[in-house]
Structure formats: C-alpha cells, structure tokens
Amino acid sequence: MAAPYRHKEVEEKWREHWEAQPVNVDDGKKPKYYCLDMFPYPSGNGLHVGHWRGYVISDVWSRYKILQGYHVIHPMGWDAFGLPAENYAIKMGVHPAKSTAENIANIKRQIKDIAAVYDWDMEVNTTDPAFYKWTQWIFVKMFKAGLAYEKEMPINWCPSCKTGLANEEVVNGKCERCGSEVTKKNLKQWMLKITKYADRLLDDLDKLDWPEKVKKMQTDWIGKSYGAEVEFPIEGRDEKITVYTTRPDTLHGATFMVLAPEHALAASLATPETKAAVDQYIYDASVKSNVDRLQDKEKTGVFTGTYAINPLNGARVPIWLSDYVLADYGTGAIMCVPAHDDRDFEFAKKFDIPIIQVIAKDGQEIENMTEAYTEASGTMINSGDWNGMESSVLKKEAPLIIEKMGIGRKTVNYKLRDWVFSRQRYWGEPIPIIHCPDCGAVPVPEDQLPLLLPEVDSYQPTGTGESPLAAIDSWMNTTCPCCGKPARREANTMPQWAGSSWYFLRYVDNKNDEALVSREKADKLLPVDMYIGGVEHAVLHLLYSRFYTKFLCDIGVIDFDEPFIKLFNQGMITGKNGIKMSKSKGNVISPDDLVRDYGCDSLRMYELFVGPPELDSEWDDRGIDGVYRFLNRFWNMVQDNKDKGVAETGELIKLRHRMIADITNRLNAFSMNTVVSGFMEYNNKLIDLTKKGGVDKATLEAAIIMLSPFAPHMAEELWSQCGHETSVFDNTWPVYDENAMKDDEIEIPIQVNGKTRGVVTISADAPREDVLAAAKAALGSKLQGNVIKEIYVPRKIVNLVVK
RNA sequence: GCGGAUAUGGCGGAAUUGGCAGACGCGCCAGACUUAGGAUCUGGUGGGAGACCGUGCAAGUUCGAGUCUUGUUAUCCGCACCA
C-alpha cells in the first residue's frame, strides 16, 4: 500500500531542503530573466488571498523560466514609507518605524508560506537609510539638472491626511488614499519637471509590451493636443489676450471669449457697470471646491463689459468669465465658437450669444441648430478667404497660416502637470535641501547623504502646511554648504512614490555603498522583463518609474530608458458579490488557514484555478476542494505507476506529447486557469490508463516536471520518489513533437444544413471524395432530399446542404 | 457625456480564433465501500415527454456564428468642462 499524500510533511521537508539548497542559482552562464512583483507596503492587515494570487502568478512564471534555463531574478522588498504606514502607526499609537518593522515581519512570514523562489539576499526596504540615501541622491541630481524646482501655488490639499497631493493622487476630486474631498492650499512646494519628459513618456509607450488599457490611460493622462495660440487685442487697450485652440479652422466663428475667473486679467476687464458682478463671480469661484466645480454641470458666467477684437476679421467679441475654463490649462482663456463646440454652444444658448456656423455639414448650413457640429469635416463658409476649404485640411494648416499672419503661433499642449513632490508629513525621506538666506536653495552635498530622518516627539501632521520636522530646531538649524552661514533645512518630506520609482534598480545591487547600482550589474541584470501587479498604479507608480528611469538613463547611471519591458495586470480577488476585500467590510479571507488545512500547493493551484488571471474573480473557499482532490489523485496515480516499469506504448507516447503541447501552449498564453484544468484533464486520462496497464516513466516524469512550477513541494517529492537525487528544477521544460501527436484515424462530425446529424471515423489523410462518401453512408436513410452543396473542411467537418 | 472591458448551465469558467457549445472544477443525484461520512471510489448531471430549443436582446453576413457586422440593454472600469 503506497503512502497517502500528507501535505504538511511534504511541504515542511522540502521547504527546509530548499532553504539549504536554493533551486535558482546563477552559474554565470545562463541568460537572465527579471520577473518582478509590485512590492507591498507593509500595512497592519497582512495579506489576503488576493495579494497571494499576484505572487503565485509571478512565482509560477519565474519557475517556468528557471525550467527554460534562465537565471531568474525574483526579488521582494518593502515600500514602507508614506501615508498608509504612517496613518496606521498614528492609529495604533506607536512609532511608524516600529509598526512598520512588525508589519514587515508578519507579511514576510505570509509571503514565505507561498514558497516563492524569492531571493531574500536582494531584499530592499525604502525606509532603510542605505536605501533612501539613493532616493535623496536622485533628487539632488534632478535639482542639479534643473528638474527639481520650488514654486508657490495653489495645490491639491487633503484636509484629512493634512498634506499636499500630486494631481495623480486626486481621483474625482477626492484623495486617492482616504477619499476625503481635496481642497486647494497655497503652498511653496518642490516640483519635479516631469513635463519635460512628456513627449518621451508618450512616444516610448510604443516600445512596451503592456496592456493597451494602461498605455491608453497614460496617453490620456499626458494628454497631448495640437493647435494654435491666437492673440486677441483688447478693444481700447494695448493689451492682448492669448487663447489656445485645437480648432483654429473655426476662428471666423468665434463670437465670444471666455477667461477663467483666476486669469490674471479677469478683474481688470470689468467696467464700472459690471465691476460688482465680476468681483462677486471671481470671489465665488475662488471658494468653490474641486468637487463642486466638477459637479456643477450647469454653466455659469459673467460678462466683463469689455470686448476683444478677432484678429482675423476684426469682429468685436464680448469677453466673459466662466469657471468652465480652467486656469491652469493652455492660457486660461479660450475663444468660443458655439456652432462647433458643445460647451460653447451651451453657454451661448444660455446667455443668448450669436452663433455663426463656419463649417457646412453635408454641403449646407444647419437650420435651427440644436447642438454643436463638432466634427472637422465639411466645407468652410462665412470664413472670408478660407471659404471653400475643407475643414479637416484647414485644421492642420491654420496654425501655420496664423503664424505667418503674425496673429499667433502653432503650439502643442499637455494635460500632464509637473509633479508636486513635497509632503507635509513625517514618515518619508527628508528632502535634501538647505535654505540659505544668501545662496537660496542649496542641495545637501552628495557625500553627506543620507540625510537621516530625525527622531521626533510628535510625528502627527501639523495641518498648518508645515511638516512635523519644522518643529525640531536642532535638526532644522544648520549651515549653508556654500557659504557656511546659518541656514535652515527643508522640512518637507518626499511622497511615497519616491522610493518606489526606482526600487527595482536597487535589488540587483542592494548592498552597494558607492553607487545606486553598479553599471556592470545594471547592464547584466536589468531591466525588468516581466512586471506583475494590479492596474491601480497605471498613472501613478508606472508613470513615475518611467520618468525616473529616463532621467537615470540620461545621466548615465543605466543604459536603458524604459524600466518594465512587459507588464501584466492581474485581476482583483473580491469577496462575495464582487465587493472589494477590506477589513471594514469584514470580508477579508486570509490565506493562513487555507495553507494550514489544504497546504501551500493546493492554495497555489486554486488561486490560479478561480479564473483568468487578468480578470477579477469572486473568492469562494469551497472550490479549493477540487484542486486538493486533484493533487491527491495525481499523487496516488504516481504511486501506482512509479515502480511498475511500464513500457511506453503508442498510445502513451501520443498522450504524453499532447499533454506537453496543451500545458505549454496554455502557459505561454498566460492562461493559468486552463493550465490547471489541463492538469486535471490529463490526470483523469492517466488514471484511466493506470487501470488499463499503467503509465510509463517518461510520461510520469514529464507530468511531474510540468507540475513543478504550480505545486513545487509535491513535484519535488515525487521527483525524488522516482529515484532522482537532483532537484526537479534542474530539469528543462519538456518539449513535444507535433508528429508524435497525430492520430491515424479521426472523427469527423457530419452536418446537414448546419446541424450535426452524425459522425464518421476515417483515416486522417483520406481524400475529400472518400470522406464525403463515408459521411453519406453513415447518415444512410437519415439523409433525405437532394444534396445541392457539399462542404468538407479537412480534418474538421462535413456539411451537406440539402433541399 | 466620451472611451474601454464584460455578458455562456444552479455556480466558477472552457471552446485550438468561423467548424460536434458547456472541457475542467464546485454543487447536486444515484450507487459502492463503511458502525458512521462533510472521507474515498464508480456512474449521471443545459432545458424539454418529444420532433426540437439553447451562449444578454434584435437584426444581418455565411454551407455553418458564443466567435464576424450593425443596432440595443445591463454591469464594471477609466476619463470627465483639457477648448
């Protein structure tokens, strides 16, 4: 009687064994493959089964690559600075350093339960001074390159987190972290000039093997548009108002102009008669929150009483103020062509402003216009010299025409803003800058980095716009590195994204004290070949990392300018009814109990079996029984066969090659759920064959090797039971031979008028005539009427069209 | 409002890309072994008594449609006055 499968014993045995003898070692000859997980921030809640799935997917892929002969770089680390860690620490009343360390220990234990082939020698932690030394170093380099600058302006402010936020951290007017409504606050901030890289960030998306969805999100976020700036003189003054438009072809149709209430000229345009209303409107707009402004669909506005002159045709256009024009995009002023823009149309209707059509849709003006005609397609009308031109052509040529006329210029615009980089919080990297009354902002000398985050009595946010660090005089007071006079340190810290923007570079050289990463190791081991994580960072971490990588490439630290060649977004595991797992909802499923009851291998396979890895899946504990039974049945099947010495037969060879082909093709397609069902399917066949005489060694071992990325403990144990001294991971992935898979005889379904009516078994290479004859014979009397058409798709189907 | 994704048994999901829909698993039913079964094994399981009907709904293309085209509905996600 063969031994039954006891997951606990088997898994403990091999975990100890692998600890002593790792399966993924660099012999210096193998090609590298860098498979990376998005590193976790160590929250106090630990991991749930959803986090597990991502790590299982990346581990299966890593082990598959090991079996394909790669040295796989598969590291793990901790994104431990930032708001989540700090808020958790404040809630629990302990120092963030302490709670972070505890959380890391707990999550590390959970991650070790996955039995992933992480190389813990590469571990990094963003809060380690030896790590953030380089986070600060990058900032200093950016400062020296003119990419980090200070600016005072109204920024997004989260009143709950009590800190400024980047645009990317504001979702629907709310804080990405806590969901509070974001307000504006005027603060002097450090900014990173990510806009300088806008074109490269946009163009290089083409190089990447990323989900189209993520590329589109980044494209839209960068928001490049082509158009023209046009200068409108103000009637009776020397000043001009510059507008930005993507539709200079419609310039003759501009019947009014709108400025953002925050526009520098807004107040000065009022006449004595309109002054009170204009001032009131500007005031009202200034106190409106982002959310109010987003939700007010009904257009509001006020006429300034002043006119501008259309530089193309001299027409007088009234100047209005309205908050539907954004102050920080383009020039903060627009020309309005109500006939050809939805928003301008709505505004013109509401305030009874004339509408002039300049593009003839289908050759004629639209009568009784009820909505704007916004397409750039049709013949120009009411447009002076431009009459008769095609709008789509003119749209492209107009910027240059305008430029030649001296009334404006061709230009492009981006939605992307520079990155607000200061946070008024404690738990982050101090920004390594010293403010000197004489020399201005001076970077901390590179040889003095890291600038350590000081101990502080109260690390609670002040809410005043100052970081808690500002209260520590002993730390704040220093001397200027340039002139030696007394100076003050920068009190703000960096956002959480600072460390995560470059951590993947550090893994491969994490103990280097001389450089962020040695050029030799960077050239050999980077960049990341496969990056696996959720889609929630599409315009945050993934955009910032691309920016950092391009900068580090530009200054020669590394020789590539895209960090992640391939990106895979795994779907989310949700609770019942698709509800996101969260502690407050009480629907969090911890992997810990499942590992104890079913074993690591069962949970690994079930995580994959729940559904396609790229889609969200609802978690249901009950399904794990299915993979648990499969593993037991596979185990028993191997026990039944391993010592029998069964000779291989034609049938077994055919089955083996088909099994290898099916599993390999599904795995290459990243269809992990169907790989698992494939194992079950072939296992059922092997069990059948076991009853009919047995399964040969080569087939058993092929199955065990292919199972090893999925259920590594069981595979290693069975490999050892088959008499091998070496690890199952020392093998190479099995290969299949198309010719060995072919059947001599095949079954071909027979349809009559498209409906299946029978099946015929016939030689695979039988000629068409033979197949058709056999099909008719098989149908016999069931075939009635005249056959008017005969279709035979070789090896697939017969269809007889009968009348 | 714009853009994208998804829709298949009681449930999770397959379908080699236009060729026998429902693989595999859960659940359920029956049987075997058991003092016992929430263990294991064997068989069955889309609907319908039936000819037949079945992939959100309605048309279309085709010898043939879950798959392609058009329209439509629902759910989810992203963007949301970016001129």
Side-chain angles (χ1 to χ4, degrees), chain A residues 4 171-173 211-214 216-217 219-221 223-225 227 243-248 250 258 260 293-297 299 322-326 328-337 340-344 346-347 374 413-417 535-536 538-539 572 574 578 605-606 609-612 614-630 632-633 636 661-662 665-666 669 671 673-684 687 747-759 787-793 795-802:
Chain A
V171 179
N172 293 328
E212 286 306 316
K213 180 189 163 118
V214 176
K216 175 135 196 337
M217 282 171 74
T219 301
D220 290 348
W221 191 259
K224 185 175 189 178
S225 69
V243 303
Y244 171 69
T245 179
T246 56
R247 293 296 302 278
T250 64
V258 176
R293 202 159 158 164
L294 280 173
Q295 277 169 354
D296 284 351
K297 291 293 173 191
K299 299 244 179 314
S322 174
D323 66 4
Y324 84 88
V325 173
L326 304 176
D328 63 352
Y329 180 78
T331 61
I334 59 168
M335 66 173 208
C336 297
V337 185
H340 304 290
D341 181 277
D342 291 326
R343 297 149 301 186
D344 300 347
E346 189 192 333
F347 195 85
T374 58
N413 249 305
Y414 302 88
K415 292 188 196 175
L416 184 70
R417 299 274 88 95
V535 76
E536 65 272 15
V539 291
M572 201 174 31
T574 67
M605 292 195 88
Y606 184 54
F609 192 57
V610 288
E614 70 279 9
L615 297 183
D616 293 352
S617 297
E618 277 180 34
W619 187 262
D620 182 355
D621 271 352
R622 284 176 301 182
I624 196 172
D625 287 317
V627 290
Y628 183 71
R629 282 174 201 147
F630 154 71
N632 277 283
R633 284 152 55 89
N636 292 335
D662 271 350
N665 293 336
R666 292 173 190 191
S671 179
N673 54 324
T674 61
V675 172
V676 177
S677 62
F679 278 125
M680 292 172 170
E681 216 176 316
Y682 280 99
N683 188 44
N684 290 342
I687 289 170
E747 282 191 347
I748 296 175
I750 310 161
Q751 296 184 332
V752 176
N753 291 342
K755 300 197 178 195
T756 306
R757 285 286 177 270
V759 67
V787 176
I788 57 170
K789 194 166 180 184
E790 294 166 334
I791 291 141
Y792 173 54
V793 181
R795 294 157 194 265
K796 290 260 164 129
I797 204 157
V798 170
N799 191 9
L800 304 173
V801 184
V802 170

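So that the names make sense, note that chain A is the first sequence line, chain B the second, and so on, each numbered from 1. Keep in mind that the numbers below use all heavy atoms, side chains included, and drop hydrogens, waters and symmetry copies.
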*Could you go through the side chain to side chain contact (heavy atoms under 4.5 Å, CB included) check for A:Glu346 and A:Tyr324 one step at a time?*
CA-CA 11 Å; A:Glu346 189 192 333; A:Tyr324 84 88; over 6 Å; no

*Can you list the steps and then say if A:Thr250 with A:Met335 is a side chain to side chain contact (heavy atoms under 4.5 Å, CB included)?*
CA-CA 10 Å; A:Thr250 64; A:Met335 66 173 208; 3.8 Å; yes

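With hydrogens and angles ignored, no donor-acceptor pair under 3.5 angstrom links the side chain of A:Lys213 to the base of B:C77.
Between the side chains of A:Asp621 and A:Tyr606, no donor-acceptor pair is found at a separation under 3.5 Å.
Checking the phosphate oxygens (OP1, OP2) of B:C41, a side-chain nitrogen or oxygen of A:Arg633 falls inside 4.0 Å. Between B:A83 and A:Tyr329, a contact under 4.0 Å exists linking OP1 or OP2 to a side-chain N or O. Using a 4.0 Å cut-off, no side-chain N or O of A:Asn683 falls inside it from OP1 or OP2 of B:C24. Distances shorter than 4.0 Å separate none of the side-chain N or O atoms of A:Thr674 from OP1 or OP2 on B:C24. Note on A:Lys755: a side-chain N or O is less than 4.0 Å away from OP1 or OP2 of B:C53. Applying the 4.0 Å criterion to OP1 and OP2 of B:G27, one finds that A:Arg629 has a side-chain N or O inside that range. The side chain of A:Lys789 contributes an N or O atom lying less than 4.0 Å from OP1 or OP2 of B:C63. Of the side-chain N and O atoms in A:Arg757, one or more sit less than 4.0 angstrom from OP1 or OP2 of B:C52. OP1 or OP2 of B:A14 sits under 4.0 Å from a side-chain N or O of A:Asn673.
Between B:U42 and B:G10, the two C1' atoms lie 24 Å apart (nearest whole Å). Of the C1' atoms belonging to B:A14 and B:U55, the separation is 12 Å, rounded to the nearest Å. A distance of about 29 Å separates the C1' atoms of B:U16 and B:G27, rounded to the whole Å. Spacing of P atoms, B:U67 relative to B:G18, comes out at 11 Å, to the nearest Å. Nucleotides B:A7 and B:C52 are separated by 26 Å at their C1' atoms, to the nearest Å. The gap from the P atom of B:A15 to that of B:G25 amounts to 16 Å, rounded to the nearest Å. Distance check on atom P: B:U73 versus B:A23 gives 34 Å, rounded to whole Å. Only the C1' atoms considered, B:G9 is 14 Å distant from B:G66, to the nearest whole Å.
Atom CG in A:Leu615 sits about 8 Å away from atom P in B:G13, given to the nearest Å. One atom, CG of A:Asp621, and another, P of B:G12, lie 16 Å apart when rounded to the nearest Å. Straight-line distance from the CG atom of A:Asp328 to the P atom of B:C81: 11 Å, rounded to whole Å. For the pair A:Asp344 CG and B:A83 P, the interatomic distance rounds to 12 Å; values are reported in whole Å. Atom pair A:Lys216:NZ and B:C2:P shows a separation of 13 Å (rounding to whole Å applied). Distance CD1 (A:Ile687) to C1' (B:U42): 12 Å, rounded to an integer number of Å. Distance A:Asp323 CG to B:A83 P: 18 Å, rounded to the nearest Å. Atom P of nucleotide B:A39 and atom CG of A:Asn636 are separated by 16 Å, given to the nearest angstrom.
Note on A:Val793: a base of the nucleic acid sits closer than 4.0 angstrom, heavy atoms only. Residue A:Asn799 is classed as a base contact, given a heavy-atom separation below 4.0 Å to a base. Using a 4.0 Å heavy-atom distance criterion, A:Asn632 is classed as making no nucleic acid contact. Note on A:Glu747: a base of the nucleic acid sits closer than 4.0 angstrom, heavy atoms only.
Closest to the side chain of A:Lys299, out of B:C20, B:G27, B:C81, is B:C81. Picking from B:C24, B:C63, B:A83 the nucleotide with the shortest atom distance to the side chain of A:Ile791 gives B:C63. For A:Arg622, taking side-chain heavy atoms from C-beta onward, the closest of the listed nucleotides B:C26, B:C79, B:G3 is B:C26. Among B:C24, B:G19, B:A80, the nucleotide with an atom closest to any side-chain atom of A:Lys796 is B:G19. Here the side chain of A:Ile797 is nearest to one of B:A80, B:G19, B:A83, namely B:G19. The side chain of A:Ile334 approaches B:A83 more closely than any other nucleotide in the set B:A83, B:C20, B:G19. You'll find that the side chain of A:Val171 is closest to B:C79, out of B:C20, B:G3, B:C79. Side chain of A:Leu326, nearest nucleotide from B:A83, B:C24, B:C20: B:A83.
When all heavy atoms of A:Met572 and A:Asp616 are compared, the pair lying nearest together is N-OD1, 2.7 Å. A:Val214 and A:Ala538 get closest at one heavy-atom pair: CG1-CB, 4.0 Å. The minimum heavy-atom distance between A:Lys415 and A:Asp220, with the atom names listed, is CD-O, 3.9 Å. For the pair A:His340 and A:Arg247, the tightest heavy-atom approach, listed with the atom from each and the gap, is O-NH1, 4.4 Å.
With a 3.5 Å ceiling on both atom-pair distances, the Watson-Crick or G-U wobble partner of B:G78 is B:C2. If you check B:G43 for Watson-Crick or wobble pairing at under 3.5 angstrom, you find it paired to B:C29. Under the Watson-Crick or G-U wobble criterion, with both distances below 3.5 Å, B:G60 is paired with B:C68. Nucleotide B:A15 forms a pair with no other nucleotide shown, judged by Watson-Crick or G-U wobble geometry with both contacts under 3.5 Å.
Nearer to the 5' terminus of RNA chain B, by closest-nucleotide assignment, is the contact made by A:Ile748 (compared with the other of A:Gly330 and A:Ile748). Residue order along RNA chain B, read from the 5' end via each residue's closest nucleotide, puts A:Thr756 first among A:Thr756 and A:Val627.
If you take CE on A:Met680 and CZ on A:Phe609, they are separated by 4.0 Å, rounding to the nearest 0.5 Å.
With its glycosidic angle more than 90° from 0, B:U62 adopts the anti conformation. An anti orientation is assigned to B:G46, its glycosidic angle lying beyond 90° of 0.
A:Leu800 is listed as a side-chain neighbour of A:Glu790, based on a closest heavy-atom distance under 4.5 Å.
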